[in-house]
Amino acid sequence: MRSILIEWTTQRGDESMPTSELSQGSAPLDARVPRQLLEPNYQNRLRIVGRALDENDLEEAVILEIEDGFFLRAHSPARGGYMTETFTDDRLMQTLRVAIYSRGESGSGSYRSPLRPTGYEDFLRALGYRLDRRAANAITIVECSRYFHVSGDERIGDEYQAAMTPFAELLEVPGINHLVNEAIGRRSRGAVGRAIDADHPVRIIRTGARRW
């Protein structure tokens, strides 16, 4: 299995303990790989974060966008503590090809849930596509027991008059199934499994806008 290099820190109360590193696989860049799979967008960067979560069988993920990447905190049932990791944008793009060449090899899936039935990688990749379409920025993703809470700023308007508007939404199981099935449909160009309860809307909460 090709794995992504991660230097996790386990937190038990006030104690911090570095854990062992995973080996980083190497893969030559195949000219047949579509260019869009290597773009530094949310879809591709969040995919890497999701893969790390799957490979380490983690749960209760919190993903916070920082100036040059993402900060991740998640619970490890196997280790009995919370793990933290920072993914810089440079590092995310360096390891992106690893995920492309090792698709389908991530994690045992021991800690998957109805919120992520095919794993974090599929869900976060699909969510990233949605965030890219919304021209989002400064995002936060929090996994709760029955939903994901996603918040940040999104661009409203056109190139002549636009505003960055804070948004927050709750993604529950029906909305997640719909999101992932849409992503499968885009990749398979029509061979789509029908989403479970796809007509259930995602609940969106909007606050005031600010100009930029």
Side-chain angles (χ1 to χ4, degrees), residues 4 35-54 58-75 82-96 99 115-116 119-183 185-187 195 198 200-212:
I4 300 170
R35 183 179 299 274
Q36 61 266 28
L37 293 182
L38 298 172
E39 293 178 358
N41 51 27
Y42 279 122
Q43 181 178 1
N44 292 331
R45 292 184 299 149
L46 285 174
R47 177 185 184 180
I48 298 300
V49 177
R51 184 167 188 80
L53 287 161
D54 287 335
L58 300 177
E59 61 182 9
E60 300 176 23
V62 175
I63 302 168
L64 174 66
E65 186 171 14
I66 56 179
E67 184 175 359
D68 62 343
F70 297 104
F71 173 80
L72 170 65
R73 179 179 184 268
H75 181 254
Y82 283 88
M83 321 296 288
T84 62
E85 176 68 1
T86 299
F87 293 86
T88 65
D89 286 335
D90 286 345
R91 180 177 168 197
L92 287 168
M93 298 315 298
Q94 288 171 0
T95 55
L96 179 57
L115 288 177
R116 37 188 166 79
Y120 282 105
E121 182 177 353
D122 283 342
F123 166 64
L124 289 175
R125 182 181 185 181
L127 177 60
Y129 175 86
R130 177 183 179 142
L131 292 169
D132 288 329
R133 299 275 291 183
R134 298 171 71 167
N137 186 42
I139 65 163
T140 300
I141 303 167
V142 180
E143 182 180 6
C144 303
S145 59
R146 297 183 180 181
Y147 57 84
F148 279 91
H149 184 274
V150 183
S151 61
D153 295 336
E154 64 178 332
R155 183 174 178 174
I156 303 296
D158 54 31
E159 58 181 312
Y160 301 105
Q161 186 175 18
M164 291 303 289
T165 303
F167 74 90
E169 64 183 19
L170 303 182
L171 276 169
E172 298 172 312
V173 171
I176 291 169
N177 288 332
H178 180 63
L179 196 67
V180 172
N181 273 279
E182 281 188 331
R186 287 190 299 273
R187 293 199 295 271
H200 284 64
V202 174
R203 291 188 286 170
I204 298 177
I205 308 163
R206 294 192 185 279
T207 56
R210 59 180 181 272
R211 296 288 173 182
W212 65 285

Tell me whether [X] contacts the main-chain N or O of [Y] through its side chain, where contact means a donor paired with an acceptor under 3.5 Å.
X    : Y    : result
N181 : N177 : yes
R45  : F70  : no
D153 : A138 : no
D132 : Q43  : yes
E65  : I139 : yes

[atom1]/[X] to [atom2]/[Y] distance, rounded to the nearest 0.5 angstrom?
X    : Y    : atom1 : atom2 : result
S151 : I141 : OG    : CD1   : 9.0 Å
R116 : L124 : CZ    : CG    : 10.0 Å
Y42  : L131 : OH    : CG    : 6.5 Å
I48  : L92  : CD1   : CG    : 6.5 Å
L115 : E143 : CG    : CD    : 6.0 Å
L53  : M83  : CG    : CE    : 11.0 Å

Margin query: Between F87 and F71 (judged by ring centroids, cut-off 6.0 Å), do the two rings come close enough to count as a pair?
Written below: no
How close do [X] and [Y] get, heavy atom to heavy atom, and via which atoms?
X    : Y    : answer
E169 : L127 : OE2-CD1, 4.5 Å
A126 : A183 : CB-CB, 3.7 Å
M164 : A135 : CE-O, 4.0 Å
D89  : G69  : OD1-CA, 3.3 Å

Checklist line | Stepwise side-chain contact (heavy atoms from CB on, under 4.5 Å) check, E182 with Y129 | finding: CA-CA 10 Å; E182 281 188 331; Y129 175 86; over 6 Å; no
Next item on the list: Answer yes or no: is there a side-chain heavy-atom contact under 4.5 Å between V150 and L171?
Entry: yes
Check: Side chains of F148 and I176: does their closest heavy-atom pair fall under 4.5 Å?
Finding: yes
Check: Does the pair E154/R130 count as a salt bridge with the N-to-O cut at 4.0 Å?
Finding: no
Next item on the list: Given side-chain contact (heavy atoms from CB on, under 4.5 Å), test I63 with V49 step by step and report yes or no.
Entry: CA-CA 9 Å; I63 302 168; V49 177; 3.9 Å; yes
Notebook entry, point to check: Cationic tip of R73 within the cone over Y82's six-membered ring, i.e. under 6.0 Å and within 45° of the normal?
Noted result: yes
Item checked: Quiz item: cation-pi between R51 and Y120, 6.0 Å / 45° ->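 Checked: cation-pi criterion not met.
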